[in-house]
J.: 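Sharing a structure here in structure tokens format.
Each chain gets a letter, A, B and so on, in the order the sequences are listed, and its residues count up from 1.
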There are 2 protein chains.
Amino acid sequence: MTIKEASELTGVPSATIRYYEKEGLIPAIDRNEVGVRQIDDRIIRRINFVKTMRAAGMGIDILRRYIQLFDAKEDNEVQQRELLQEQLAIMEEKRDDLQFAIDHLTFKLENRAHMENAEAELRQLEKQHEEKGERGGDEN
Amino acid sequence: MTIKEASELTGVPSATIRYYEKEGLIPAIDRNEVGVRQIDDRIIRRINFVKTMRAAGMGIDILRRYIQLFDAKEDNEVQQRELLQEQLAIMEEKRDDLQFAIDHLTFKLENRAHMENAEAELRQLEKQHEEKGERGGDEN
DNA sequence: CTAACCCTTAAAGTTCACTTTAAGGCAAGT
DNA sequence: ACTTGCCTTAAAGTGAACTTTAAGGGTTAG
């Protein structure tokens, strides 16, 4: 399969596939005699995997580190667990943020008729959110 | 409240609060006689709202459009619904991607010992994803 | 033989969402 | 009066993740 066909199949632009290869997010792709990439199912799966993780908001650096551990021949279970658990926590928080945003929009769609203004809505939503968890941090 | 206090309270940097105001993501903030921002609860709520939506991955442009509708005096329910439902769909898809990524990492943490290599894992994960991937339409 | 398309690379450019810098103002403490 | 530490603005800079460009090569159709 050519890079263009792989691009059409995965929805990832050719230039991005080349970029992912260069960045080590997918394995080095086999070439034919003149240097043209020959993409197979294994690479397609890797592209889709990267696509999914990127869509989930995982950064390139962490994804690369993850994939390097993932592909390593040696046993690196402890390192893997550390990295994975860290990422898992970040993703779960992100999912919860997303769920809060979804709840907000859903609430808005369902209750718009009864709301006088934006402020009342935000107060209402906040009440719902507070029942679940605390947020914080600091920068200035 | 000063901008620094607001920053500490929300975890959003002062410069970012100014940037959000300039970009119309939060309302224009009242100033004192010499032009210093006086931030109240209403603004704090707005900052937190923007923070949540940004954390959920909503872009600045769409967020601004949403907030403009949200604050509008006129009745624009139809437009609001269109925009909101669109964004809701995007967020739900994102959440599902995130869940897939979480499932992948969780599966990996739990089953690493039994997996021979990366390829076997991806094929396994894909199988799990496909079983769930049938989009049962519950819309209303 | 030439044109149309695909492929290759390295490098430069773009977009987004901030973040930092530069230049100055106000108010309190020593 | 001076220093500290906050405030203001406009504008320039940053980092991430692509995306486009430039320059060239291979393969097939006319």
J.: Once you round it to whole Å, what is the distance between P of dA17(D) and CD of Glu21(A)?
T.: 18 Å
J.: Is there a side-chain contact between Thr16(A) and the phosphate of dA17(D), meaning an N or O under 4.0 Å from OP1 or OP2?
T.: no
J.: Would you kindly give the CZ-to-C1' distance between Arg64(A) and dC18(D), to the nearest whole Å?
T.: 14 Å
J.: Does Arg18(B) reach a base, just sugar-phosphate, or nothing at all? Heavy atoms under 4.0 Å.
T.: base
J.: From dA17(D), dT8(C), dC7(D), pick the nucleotide closest to the side chain of Lys4(B)?
T.: dC7(D)
J.: Return the value, rounded to whole Å, for the distance between atom CD1 of Ile47(B) and atom P of dC18(C).
T.: 13 Å
J.: Could you tell me how far apart Glu8(B) (CD) and dC7(D) (C1') are, to the nearest whole angstrom?
T.: 14 Å
J.: Considering every strand and a 4.0 Å limit on heavy-atom distances, what is the contact class for Thr2(A): base, sugar-phosphate, or nothing?
T.: sugar-phosphate
J.: Nearest whole Å is fine: how far is dA11(C) P from Glu23(A) CD?
T.: 14 Å
J.: Using side-chain contact (heavy atoms from CB on, under 4.5 Å), reason through Gln68(A) and Arg64(A) one step at a time and then give a plain yes or no.
T.: CA-CA 6 Å; Gln68(A) 276 162 9; Arg64(A) 184 175 26 234; 3.5 Å; yes
J.: Between Glu21(B) and Arg31(B), does at least one N-O distance fall below 4.0 Å, as a salt bridge requires?
T.: yes
J.: Calculate, to the nearest 0.5 Å, the distance between atoms CD and OG belonging to Glu8(B) and Ser14(B) respectively.
T.: 8.0 Å
J.: What's the NZ-P distance between Lys22(A) and dC18(D), to the nearest Å?
T.: 13 Å
J.: Whole angstroms only, please: what is the CD1-P distance between Ile17(B) and dC6(D)?
T.: 15 Å
J.: Taking the nucleotide of DNA chain C with the closest heavy atom to each, which residue, Gly35(A) or Arg54(B), is nearer the 5' end?
T.: Gly35(A)
J.: Pair Ile67(B), Arg46(B) - check side-chain contact (heavy atoms from CB on, under 4.5 Å), show working.
T.: CA-CA 10 Å; Ile67(B) 286 164; Arg46(B) 291 304 195 100; 4.0 Å; yes
J.: Please tell me which of Val34(A) and Tyr19(A) maps to the more 5' nucleotide of DNA chain D, matching each residue to the nucleotide holding its nearest heavy atom.
T.: Tyr19(A)
J.: For the side chain of Ile3(B), starting at C-beta, report the closest nucleotide among dC18(C), dC7(D), dT19(C).
T.: dC7(D)
J.: Identify, between Pro13(A) and Glu33(A), the residue whose nearest nucleotide on DNA chain D lies closer to the 5' end.
T.: Pro13(A)
J.: Please give, in whole Å, the distance from dA16(D) P to Leu25(A) CG?
T.: 13 Å
J.: Under 4.0 Å between a side-chain N/O of Tyr20(A) and OP1 or OP2 of dA17(D), yes or no?
T.: no
J.: Quick one: is dT9(D) close enough that its OP1 or OP2 comes under 4.0 Å of any side-chain N or O from Arg37(B)?
T.: yes
J.: Rounded to the nearest 0.5 Å, what's the gap from CG on Leu9(A) to CD1 on Ile39(A)? Could you check?
T.: 10.0 Å
